[in-house]
Amino acid sequence: MSAREGPMEAVKQLRQLRTVYAWGAAAWTGCLLLTFAGERGTTRQTVLLLGLLAAFLTLLLWSTWCLWETGAMRGAKRRAETVSGKASQGGAGER
């Protein structure tokens, strides 16, 4: 395994986790709506569903933020490499 495959695999796993969290949040939202629509849900059940929904939304937000940070850092690194590459080529061409 090369040094590049490690971070790429981690990003892939984080994307998969984000998908699971998104589907989980959708499922708990659906359950909560069905509980309200059926008017048969207890207060305890509603609080539990709200807690699960809050947990999944928090995890979804966290995974999205991590992916955004990874992309932003990678983009900044590329820009720095491009700028330093152009500077070194420009300096060598002028001499």
Side-chain angles (χ1 to χ4, degrees):
M1 181 167 81
S2 71
R4 216 168 202 196
E5 290 176 2
M8 296 302 277
E9 186 64 29
V11 169
K12 182 179 176 183
Q13 288 176 350
L14 197 53
R15 283 189 179 133
Q16 290 172 345
L17 273 176
R18 185 178 64 170
T19 302
V20 169
Y21 298 147
W23 280 106
W28 294 125
T29 301
C31 289
L32 195 59
L33 290 174
L34 287 173
T35 299
F36 286 141
E39 296 180 6
R40 295 184 329 188
T42 63
T43 303
R44 186 179 190 177
Q45 184 180 15
T46 303
V47 169
L48 176 68
L49 289 172
L50 283 171
L52 287 168
L53 179 59
F56 271 78
L57 286 174
T58 302
L59 290 168
L60 178 62
L61 180 64
W62 169 79
S63 62
T64 302
W65 179 74
C66 286
L67 283 170
W68 183 78
E69 283 291 313
T70 302
M73 290 175 58
R74 196 175 334 150
K77 184 178 177 184
R78 281 189 200 143
R79 284 191 297 274
E81 289 173 355
T82 303
V83 169
S84 66
K86 286 181 182 178
S88 65
Q89 288 176 357
E94 290 176 354
R95 289 182 184 173

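Note that the structure is a prediction, hence the values are computed from the model and not measured.
Leu67 CG to Trp62 CH2: the interatomic distance, rounded to the nearest 0.5 Å, is 9.0 Å. Atom OG1 in Thr70 sits 9.0 Å away from atom CH2 in Trp65 (nearest 0.5 Å). Note: Leu60 CG to Leu17 CG = 11.0 Å, rounded to the nearest 0.5 Å. In this structure, Leu57 CG and Trp28 CH2 are separated by 12.5 Å, a value rounded to the nearest 0.5 Å.
Within the 4.5 Å cutoff, side-chain heavy atoms of Leu48 are placed close to those of Leu52. Within the 4.5 Å cutoff, no side-chain heavy atoms of Gln16 are placed close to those of Val20.
Among all heavy-atom pairs drawn from Leu14 and Cys66, the shortest one is CD2-CB, 3.5 Å.
Remark: Thr46 engages Leu32, Thr35, Phe36, Leu50 in a side-chain contact (heavy atoms from CB on, under 4.5 Å) (not counting sequence neighbours).
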